[in-house]
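Here is the structure we will look at, set down as structure tokens.
Both counts, for ligands and for their atoms, begin at 1 and track the order of listing.
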Amino acid sequence: MDKERKLIIAGNWKCNKTVAEALDLVTGLKRELAAVKEVDVVVCPPFTALESVSRAILDSNIRLGAQNFGENGYGAFTGEIAAGMLKEFSVGYVILGHSERRQYQKENDALIAKKAAAAHAANLVPIVCVGETLLEREAGITNQVVETQVRGSLAGLSPEQVERTVLAYEPVWAIGTGKTATSAQAQEVHAFIRGVLTALHGEAVAKRVRIQYGGSVKANNARELLGQPDIDGALVGGAALEVRSFADIIKNSI
Ligand code: PEP
């Protein structure tokens, strides 16, 4: 697949996998994906498996991401993980503003913007998630919701930082439900997001930002979704938990 931007496919393992299971998974992925150069492949294990996975992928083309971090750095912040701690394990990416964190941890755009700025300051690439709920889609306010999230979550970032940020459009109604947005529905929102980025920072910046789609991406729908002009990769949940399904998504996208 010949695209303007290099595809980036990330697996969000969420709160799954013991260290032994994580090692099994990543060892299989290394074997399956050794020849893949066309796609940036990222795995995002839970914090507890970062060290072992980091060692296991040292000699591979797989990169490491975290699922969150504490924006205040080191100090008296019980329960938090600082960016510097992630860097010890060569973490390069961090998922921010996932709808599950927006829902369960009440994360909002202002906090996500603070985390995005802290991520860039630490040389971590933030993967910033946005997306509407089913109610919002049915109310016809998808664009409004997504625009507010994009503007709010990227607030205060420089054009250079925005350019290095990865966005993930994840309609909440498609996450873990088996319901995927059609490629036309997804492309429409991706093009809209690129328009918002153009309004914010101009066309040259907007053209360089990679926008992933997320929401029940599987091996059998990846090619069609990632074939859309403004879809530059995928953020994968359920199907990233097994070697076969995640590797096939990547192979089918090339
Ligand atoms: C996700 O959690 O980011 C996600 C897209 O999950 P799933 O692929 O399971 O829908």
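For atom 9 (O) of ligand 1, the closest non-hydrogen atom on the protein side is G238 N, 2.8 Å. The protein heavy atom nearest to atom 1 (C) of ligand 1 is H98 NE2, 3.2 Å. Atom 4 (C) of ligand 1 has as its closest protein heavy atom G237 N, 3.6 Å. The protein heavy atom nearest to atom 5 (C) of ligand 1 is E170 OE2, 3.1 Å. Counting only heavy atoms of the protein, atom 2 (O) of ligand 1 lies nearest to K14 NZ, 2.5 Å.
Inclusion of I175 in the set of residues having an N or O under 3.5 Å from an N or O of ligand 1 is not warranted. For ligand 1, the polar-atom distance check finds no N/O of A239 at less than 3.5 Å from any of the ligand's N/O atoms. Checked against a 3.5 angstrom limit, the closest N/O atoms of S216 and ligand 1 fall inside it. Backbone and side-chain nitrogen or oxygen atoms of L235 are examined, and none is located within less than 3.5 angstrom of a nitrogen or oxygen of ligand 1.
A side-chain N or O of E132 and one of W173 form a donor-acceptor pair less than 3.5 Å apart. A donor atom on one side chain and an acceptor atom on the other are found under 3.5 Å apart for S183 and E224. In summary, the side chains of N68 and K115 do present a donor paired with an acceptor at a separation below 3.5 Å, with no hydrogens or angles considered. If you check the side chains of H120 and S158, you find no donor sitting under 3.5 Å from an acceptor. Using modelled atom types and a 3.5 Å distance limit, the side chains of E136 and T133 yield a donor-acceptor pair. Side chain to side chain, D230 and Q187 meet the donor-acceptor criterion of an N or O pair below 3.5 Å.
Contact analysis puts A174 in contact with ligand 1, with a non-hydrogen atom separation below 4.0 angstrom.
Following chains of ILVMFWY side-chain contacts shorter than 4.5 Å, one can reach L96 starting from F47, so the two form part of one hydrophobic cluster.
For S52, the side chain to side chain donor-acceptor pair (under 3.5 Å) criterion is met by no residue, not counting sequence neighbours.
Residue G215 approaches ligand 1 through these ligand atoms, each under 4.0 Å from one of its heavy atoms: 5 (C), 10 (O). Ligand 1 places these atoms under 4.0 Å from at least one heavy atom of N12: 2 (O), 3 (O). Near G176, meaning under 4.0 Å from one of its heavy atoms, ligand 1 places the atoms 7 (P), 9 (O), 10 (O).
Under a 3.5 Å cut-off, the side chain of T180 and the backbone N or O of T182 do not form any donor-acceptor pair.
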